[in-house]
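Sharing a structure, written as structure tokens. Questions coming.
Treat the numbers as computed from the prediction; the structure is a model and nothing was measured. In what follows, chains are A, B, ... by sequence order, proteins preceding strands, each numbered from 1.
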Amino acid sequence: MISTDVLIVGAGPAALFAVQQLGLLGLKAEVVDNLDKVGGQCSELYPDKPIYDIPAISECTGETLIKNLMKQIEPFNTNFHLNERVDQLAKEGTKWKITTNRKKVFIAPSVIIAGGVGSFEPRKFPLKEAEKFEDSGVFYSIRDKKYFDNKKICIFGGGDSALDWSIELSKNSKVVLVHRRSEFRGTSKNVETVNKLKKDGIIQIETPYQLNSIEGDNKIKAITIKDDEGKIKKIDTDYILGFFGLVMKLGPIAEWGLNLDKKHIPVNTESFQTNKEGIFAIGDICTYPGKLKLILSGFHEGALAARECFKLARPNEKYKFEYTTTSKNIHERLGKKYI
Amino acid sequence: MAKITYIEHTNKKHIVEVPSNMSVMEGAIQNNIPGIDADCGGSMACATCHVYVDKKWFEKLKKKDEGEEDMLDMAYQPNKFSRLSCQLIVSNELDGLILRMPSKQG
């Protein structure tokens, strides 16, 4: 069990700046994110796209922004719990008890939800039957590639994940690569390799096809694929792998008894607290009259939420507003010499 | 300004007037039309504003660029009439546009 001042859900820009604001107030935060890296949408959706509306930074990419935010919070030695999703939230005395999908438990007086548009999860096959076989015959990621040795495998998708795994698994298995159109969007090196493997008769490529049905009772026996004209082909296979990128889902947060407005959490604009005391929401996931989904709004929201978190974490201390230019306390927390 | 017909997968129709230069996605969001999520807010990064354009309108639209085609790989049940509605910019020429939304976006 980890006791902390604030648990932050999400590790995007709003969350990272909230860590900084909490740190300046002397509060310790722990951060949980379902992705394998920090940065949220900045890292996952647009690492190379320039952003032009961060105050005082005329142009920077998503990746650079996150790198700079991480540097800014270095003095606070924050723990990041990545590849982990918050599942349960329960009241424990005056504090909140948060449990992750890996059964890690946090106790904190405040929780800041900076979950963006929800957690990123693999996009799945639209077929109902695919659910039945999930994790036994249908997979969206590969943990142990040996599992697929000497098997018949159909891989769906047109990006680098689909191409990488087609190349890798074709070494020990029979691979059919299926994609909804003839062009692949992977790197040219991957596309060349896959085309060469096809020429050499090592892998089979089927385009433009999409999954139509799965046959088999306890185990997948075969699948059919269909093109836009309705032409159907049958392929014998043991496993199906789908690589369609990630989709954003609100996930367990929706079950926490918070007021929701579509996929957003309404907050008050004084402290960004939700309808539950000690639960805050900042960044893209929160909503209020006039809400702008901009990174800079997330920064402002985190700064105000941090002050309310201080009151809950230090009920016997008086909150005092201080400037970073002049406060000795802040300089100490940042590891700077007081001038 | 264009009159646009958005048809939900249940066949429920929404006919609204959308000002020029707005995207077809924004037209749906501002009129609270369900079926278009637009999680990324129009930066062509999520494929949750996917629509099927009516056959006779599909050819009249400005062609999709490579980025949109790539994103459509991730859309839910795409077909050859699939577009991302954030990339369709409204003009007088689109008056009468008809599109259908998939049964879900993710």
Reported CG-to-NE2 distance for the pair B:Asp73 and A:His179, which is rounded to 0.5 angstrom: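 Between atom CG of B:Asp73 and atom NE2 of A:His179 there are 3.5 Å.
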Electrostatic pair A:Lys293-B:Asp39, nearest N-O below 4.0 angstrom: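 A salt bridge is absent here (no side-chain N lies under 4.0 Å from a carboxylate O).
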Straight-line distance of B:Ser82 OG to A:Arg181 CZ, nearest 0.5 Å: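 Between B:Ser82 OG and A:Arg181 CZ, I get 11.5 Å after rounding to 0.5 Å.
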Between A:Pro126, A:Gly118, A:Gly116, the one whose heavy-atom pairs under 4.5 Å with chain B are most numerous: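 That would be A:Pro126.
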Residue part contacting chain A, namely of B:Gln105, when any heavy atom lies under 4.5 Å: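 When you check distances to chain A, only backbone atoms of B:Gln105 fall under 4.5 Å.
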Donor-acceptor contact present, side-chain A:Asp228 to main-chain B:Lys80, <3.5 Å: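 It does hold such a pair.
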Smallest separation among heavy atoms of A:Arg123 and B:Cys46, with atom names: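 So the two residues come closest at NH2-O, 3.0 Å.
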Contact list for residues 43-52 of chain A, test side-chain hydrogen bond (donor to acceptor under 3.5 Å, both in side chains), sequence neighbours left out: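 Non-adjacent pairs meeting side-chain hydrogen bond (donor to acceptor under 3.5 Å, both in side chains): A:Lys37-A:Glu44.
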A:Glu121 atom CD, neighbour heavy-atom count above 12 within 6.0 Å: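 Enclosed: over 12 neighbouring heavy atoms sit under 6.0 Å from CD of A:Glu121.
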Atom NZ of B:Lys60 with >12 non-hydrogen neighbours under 6.0 angstrom: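 More than 12 heavy atoms, drawn from other residues, nucleotides or ligands, come within 6.0 Å of this atom.
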Atom pair CG (A:Leu211) and CD (B:Gln77), whose distance is rounded to the nearest 0.5 Å: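 Reported value, rounded in 0.5 Å steps: 10.0 Å.
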Main-chain N/O of B:Pro78 paired to A:Gln210 side chain as donor or acceptor, under 3.5 Å: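 The answer is yes, because a donor-acceptor pair under 3.5 Å joins these two groups.
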